[in-house]
Amino acid sequence: GQQVQQSPSSLVLQEGENAELQCNFSSTATQLQWFYQSPGGSLVSLLSNPSGTKHTGRLTSTTVTKERRSSLHISSSQTTDSGTYLCAREQGTGSKLSFGKGAKLTVSP
Amino acid sequence: EAAVTQSPRNKVAVTGGKVTLSCNQTNNHNNMYWYRQDTGHGLRLIHYSYGAGSTEKGDIPDGYKASRPSQENFSLILELATPSQTSVYFCASGRTSSQNTLYFGAGTRLSVL
């Protein structure tokens with residue numbers, strides 16, 4: 001079954017609103033990352049957060065390891081935030097990441 | 001800035017033909033990975049490597065081979081391409097530690113007709 005589940009699968013916001021993306025994983029993760037993928041583009045790592053809370057710019061990630069969940073909060077969304085956000089956890093050993101299907105965010109002006 | 005370069009960026013192949021996708025990284029990372037991305041499936045791991053001469057099977061290796069002749073280069077080989085292998089393929093590199101960040105290439109869009 002799917003080891004990493006993301007919700008919602010899509011989200012539409014007005015510029016300035018906040019976004020909350022969720023990630024649930026099937027077993028304890030030693031590595032948990034959030035990636036951004038621009039429309040038709042490649043993936044860029046946003047945050048690596050295996051536990052606790054981390055901030056970078058307008059992004060905040062909170063991972064509760066024993067509950068096997070992580071969230072990504074985007075504050076004051078901008079149209080340039082539009083794209084797909086993927087959650088990934090380390091799969092077993094060897095630094096292999098297993099990805100969720102992604103959450104498509106659309107921010108309208 | 002870490003750099004991962006994939007070639008070609010787009011490829012049209014015929015069923016039964018051989019396809020080679022190439023990936024080059026200038027980060028001196030030990031680990032390299034090949035993923036494919038399909039609507040409804042997300043990113044799925046095909047093959048990966050821990051260093052020159054090493055290749056390991058990922059979650060969906062059937063129909064694919066991989067080659068890591070050097071630290072910098074990692075190829076994905078489709079010996080007999082099938083239409084089901086039409087997809088977008090991403091190469092990535094990363095360090096050995098479990099806290100490593102992956103750096104992705106721009107992707108290769110492959111169509112098998």
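Protein chains get the first letters and strands the later ones, always in sequence-line order, with residue 1 at the start of each.
Formation of a donor-acceptor pair under 3.5 Å by the K101(A) side chain with backbone atoms of G42(B) is not found in this model. Under a 3.5 Å cut-off, the side chain of S45(A) and the backbone N or O of T101(B) do not form any donor-acceptor pair.
Cluster membership check: Y35(B) does not share its hydrophobic cluster with L110(B), using side-chain heavy-atom separations under 4.5 Å among Ile, Leu, Val, Met, Phe, Trp and Tyr. Following chains of ILVMFWY side-chain contacts shorter than 4.5 Å, one cannot reach M32(B) starting from Y103(B), and the two form parts of different hydrophobic clusters. A continuous path of ILVMFWY side-chain contacts below 4.5 Å connects L11(A) to L46(A), so both sit in one hydrophobic cluster. Grouping the Ile, Leu, Val, Met, Phe, Trp and Tyr side chains by contacts below 4.5 angstrom, directly or via other members, places Y85(A) apart from V44(A). Linking ILVMFWY side-chain heavy atoms closer than 4.5 Å, directly or via other members, places I46(B) and V88(B) in two distinct hydrophobic clusters.
Distance check: Y48(B) OH to K96(A) NZ gives 3.5 Å after rounding to the nearest 0.5 Å. Between the CG atom in L43(B) and the CD atom in Q37(A) there is a gap of 6.5 Å [rounded to 0.5 Å]. How far CZ of R44(B) is from CZ of F99(A): 13.5 Å, rounded to the nearest 0.5 Å.
By the 6.0 Å contact criterion, CZ on R109(B) is open, its count of non-hydrogen atoms from other residues, nucleotides or ligands being 12 or less.
Of the two parts of E56(B), neither the backbone nor the side chain holds a non-hydrogen atom closer than 4.5 Å to a non-hydrogen atom of chain A.
Looking at every heavy atom in both residues, A106(B) comes nearest to S42(A) through CA-CB, 3.8 Å.
Using a 4.5 Å cut-off on side-chain heavy atoms (C-beta onward), F35(A) and L102(B) make contact. Counting heavy atoms from C-beta on, the side chains of L45(B) and L97(A) never come closer than 4.5 Å. Between L43(A) and F90(B) there is a side-chain heavy-atom pair separated by less than 4.5 Å.
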